[in-house]
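Worth knowing before you read on, the calculation uses all heavy atoms, side chains too, and leaves out hydrogens, waters and symmetry mates.
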Amino acid sequence: MVAGLLLEIRRGTQSALLVIREADPPSSPVDVSVAADRVEVKSGGSCKAATLPPEIRLAPSSCRGLRRLPGDGLHLRMCLSRPPPGADLVSTWRESLKPQKNYVFYCQSCGDIIVKDRKFLRVLPLPSENWSALVEEWCCHPNPFARSTLHPQYGDCFLGETFFLMNSGSESHVPEFPMCCSETGRHTSQSRSNLKSKENTRVVCKRCKTMLGETVSSDTIKYYVTEVIIQPSDGSFSPKPRSQFIQSMVAQCLVELSSAKSTFRFTLKGDNGKIFILIWLLNSDTLLVESSGSSSSHGVSTPFGDIFMPSSGPVGAWNAVKVLYQPCIKSRNKELADAWENDIGVHPLKFPSETCLELLLILGLSTTSLPPSLRHMNSFQVAFLKM
């Protein structure tokens, strides 16, 4: 009868939406009992109960709005009896890099070492993407930085919004820089003129051939934060499932930028410059509680080598961000994408094109895991990214 439960908690309002999923329509009356630390459902001679994590306590007397939606299950809203713990977020990739410390860079997909024992003398944030255009508004004379570029020297690491720049000199382990050639193997004058084409600037892992970043200049490499794991040299490598890593890194970027720039709409572009996804950050204070059977996509095999809905016992809790999104591949939602691209209130984010497709699959699986009534909001699809 009961397929599982979904509890969406908002830290800001200390309120929660509880959905008790149904495997089949009940054939007899259903009795729902909500205690501070558990939810129990009785129907006929069966009884199903779920114990909540110790940090979450409900206020049973606040239950209201009980209703049953066909295909969804039972919905009810309630308050918490005490504030949930603050989001215990893993330190962001920006905070993990410190000067005067040695680091090893690993390919996130296969664990191969990309950069070994690199010590940075300076770790500095880069200005926003449009900093050069803003300088023209600030200066009453010609832009003094018009011919200058921000390239790191050896010992520098510059942090962008979705990437970091580092000097490639004296690397102890250098990734491959694939070169394009014609099918006949002959290098024509046209191929020479396109030596710095987008394909030629791709930096790929030697082992798994995953794109890690791009060459910005002869001595500067851009690595995307979704493709590389950074660990102190004296630490051990701890792999993380691909889907969880992408969710966490993209969610971190959305939360940081929404806080710093007060923007909540984003276009996610691939390294080819095309828009893959439109994302609207709805809230970032969600605590998501799920029983192991609450997802309709539970156990679905994905290209990431892990199950999309991770489970750690019967009931698990995750910090998450709630987003609205629209896919833009194959010219879908082209008019809306064009409008967002020309809107100064929308912030562009760039990732490898393959990662954008992976993220789109992750969002789609999240949407299908929700009860049907919660999968859409206006014309957008709803999804959660777990941090």
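Met377 and Leu6 end up in the same hydrophobic cluster when Ile, Leu, Val, Met, Phe, Trp and Tyr side chains are linked at under 4.5 Å. Taking hydrophobic clusters as Ile, Leu, Val, Met, Phe, Trp and Tyr residues chained together by side-chain heavy-atom distances below 4.5 Å, Leu76 does not share a cluster with Leu69. There is no path of hydrophobic side-chain contacts, each under 4.5 Å, that joins Ile344 to Val346.
Checking side-chain atoms of Glu8 against main-chain N and O of Val289 turns up no donor-acceptor pair under 3.5 Å. Side chain of Gln247 to main chain of Lys386: a donor-acceptor pair is present (N/O by atom type, distance under 3.5 Å, no hydrogens or angles). Proximity of a side-chain donor or acceptor of Asp285 to a complementary backbone N or O of Arg10 within less than 3.5 Å is not detected. Judged by distance alone, the side chain of Asp72 and the main-chain N or O of Arg68 form no donor-acceptor pair under 3.5 Å. Under a 3.5 Å cut-off, the side chain of Asp112 and the backbone N or O of Cys107 do not form any donor-acceptor pair. A distance-only check finds no donor-acceptor pair linking the side chain of Thr286 to the backbone of Lys322 [under 3.5 Å]. Thr367 contributes a side-chain N or O that, together with a main-chain N or O of Leu363, makes up a donor-acceptor pair within less than 3.5 Å. Judged by distance alone, the side chain of Ser233 and the main-chain N or O of Tyr103 form a donor-acceptor pair under 3.5 Å. A donor-acceptor pair is defined here as one N or O able to donate and one able to accept, closer than 3.5 Å; such a pair exists between the side chain of Arg375 and the backbone of Thr368. A distance-only check finds a donor-acceptor pair linking the side chain of Thr263 to the backbone of Gly345 [under 3.5 Å].
Relative to the six-membered ring of Phe245, Lys240 misses at least one condition, a distance below 6.0 Å or an angle of at most 45° to the axis.
Within the 4.5 Å cutoff, no side-chain heavy atoms of Val321 are placed close to those of Asn283. You'll find the side chain of Leu374 stays beyond 4.5 Å of the side chain of Val382, heavy atoms only. Using a 4.5 Å cut-off on side-chain heavy atoms (C-beta onward), Arg122 and Pro99 make no contact. Taking the side chain as every heavy atom from C-beta outward, Asn342 and Trp340 never approach each other to under 4.5 Å. By the 4.5 Å heavy-atom criterion applied to side chains, Pro371 and Arg21 are counted as neighbours. Counting only heavy atoms from C-beta outward, the side chains of Leu288 and Leu7 never approach each other to under 4.5 Å. The shortest distance between side-chain heavy atoms of Arg118 and Asn102 does not fall below 4.5 Å. You'll find the side chain of Cys205 reaches within 4.5 Å of the side chain of Cys110, heavy atoms only.
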**OP:** I would like to know whether Leu359 and Phe351 meet side-chain contact (heavy atoms from CB on, under 4.5 Å); could you show each step before the answer?
**Re:** CA-CA 10 Å; Leu359 179 62; Phe351 294 100; 5.7 Å; no
Subject >> Residues Ser238, Gln231; criterion side chain to side chain donor-acceptor pair (under 3.5 Å); working and verdict >> reply: CA-CA 9 Å; Ser238 53; Gln231 297 278 2; 3.3 Å; yes
**OP:** Decide yes or no on side-chain contact (heavy atoms from CB on, under 4.5 Å) for Met387 and Trp318, but give the supporting numbers first.
**Re:** CA-CA 7 Å; Met387 304 182 71; Trp318 295 268; over 6 Å; no
**OP:** Applying side-chain contact (heavy atoms from CB on, under 4.5 Å), run through Val204 and Thr210 and close with a yes or a no.
**Re:** CA-CA 5 Å; Val204 300; Thr210 297; over 6 Å; no
**OP:** Test side-chain contact (heavy atoms from CB on, under 4.5 Å) on Met166 and Asp156 and set out the steps.
**Re:** CA-CA 6 Å; Met166 57 184 292; Asp156 290 345; over 6 Å; no
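Side chain to side chain, Tyr223 and Glu214 fail the donor-acceptor criterion of an N or O pair below 3.5 Å. If you check the side chains of Asn319 and Arg11, you find a donor sitting under 3.5 Å from an acceptor. Side chain to side chain, Asp219 and Ser168 fail the donor-acceptor criterion of an N or O pair below 3.5 Å. Side chains of Ser369 and Glu290: no donor on one and acceptor on the other come within 3.5 Å.
When all heavy atoms of Arg82 and Pro54 are compared, the closest pair comes out as NH2-O, 2.8 Å. Heavy atoms only, all atoms of each residue included: Phe266 and Ser258 are closest at CZ-N, 4.3 Å. Summarising the geometry of Phe158 relative to His151, their closest heavy-atom pair is CE1-C, 3.7 Å, with the distance given to 0.1 Å. Considering every non-hydrogen atom in both Val255 and Ser284, the closest pair reads CG2-CB, 3.8 Å. Residues Val123 and Lys98 come closest through the heavy atom pair CG2-C, 3.9 Å. Of all heavy-atom pairs between Thr162 and Lys350, the closest is OG1-O, 2.7 Å.
Within the model, atoms OG of Ser331 and CD1 of Ile275 stand 11.5 Å from one another, a figure rounded to the nearest 0.5 Å. Taken to the nearest 0.5 Å, the CG atom of Leu124 stands 11.5 Å off from the CG atom of Leu165. Separation of atoms CD (Gln108) and CD1 (Ile246) is listed at 7.0 Å; rounding is to 0.5 Å. Atoms OG and CD1, on Ser353 and Ile329 in that order, are 12.0 Å from each other to the nearest 0.5 Å. Note: Ile277 CD1 to Cys356 SG = 6.0 Å, rounded to the nearest 0.5 Å. For the atom pair SG of Cys79 and CG of Leu58, the computed distance is 10.0 Å after rounding to the nearest 0.5 Å.
Classified by interplanar angle (parallel below 30°, tilted 30° to 60°, perpendicular above 60°), the ring pair Phe164/Phe105 is tilted. Ring geometry for Phe380 against Trp280 counts as perpendicular: the plane angle is over 60°, on a 0 to 90° scale with 30° as the lower cut.
Comment: Lys269 does not engage Glu161 in a salt bridge, judged by the lack of any side-chain N to carboxylate O separation of less than 4.0 angstrom. Residues Glu227 and Arg242 are paired through a salt bridge, judged by an N-O separation under 4.0 Å between the basic side chain and the carboxylate. The pair Glu40-Lys42 counts as a salt bridge, with a side-chain nitrogen and a carboxylate oxygen less than 4.0 angstrom apart.
The number of heavy atoms from other shown groups lying within 6.0 Å of CD (Glu335) does not exceed 12. Surrounding CZ of Arg207 are more than 12 heavy atoms belonging to other residues, nucleotides or ligands, all under 6.0 Å away.
Centroid-to-centroid, the aromatic rings of Tyr325 and Phe276 stay 6.0 Å apart or farther.
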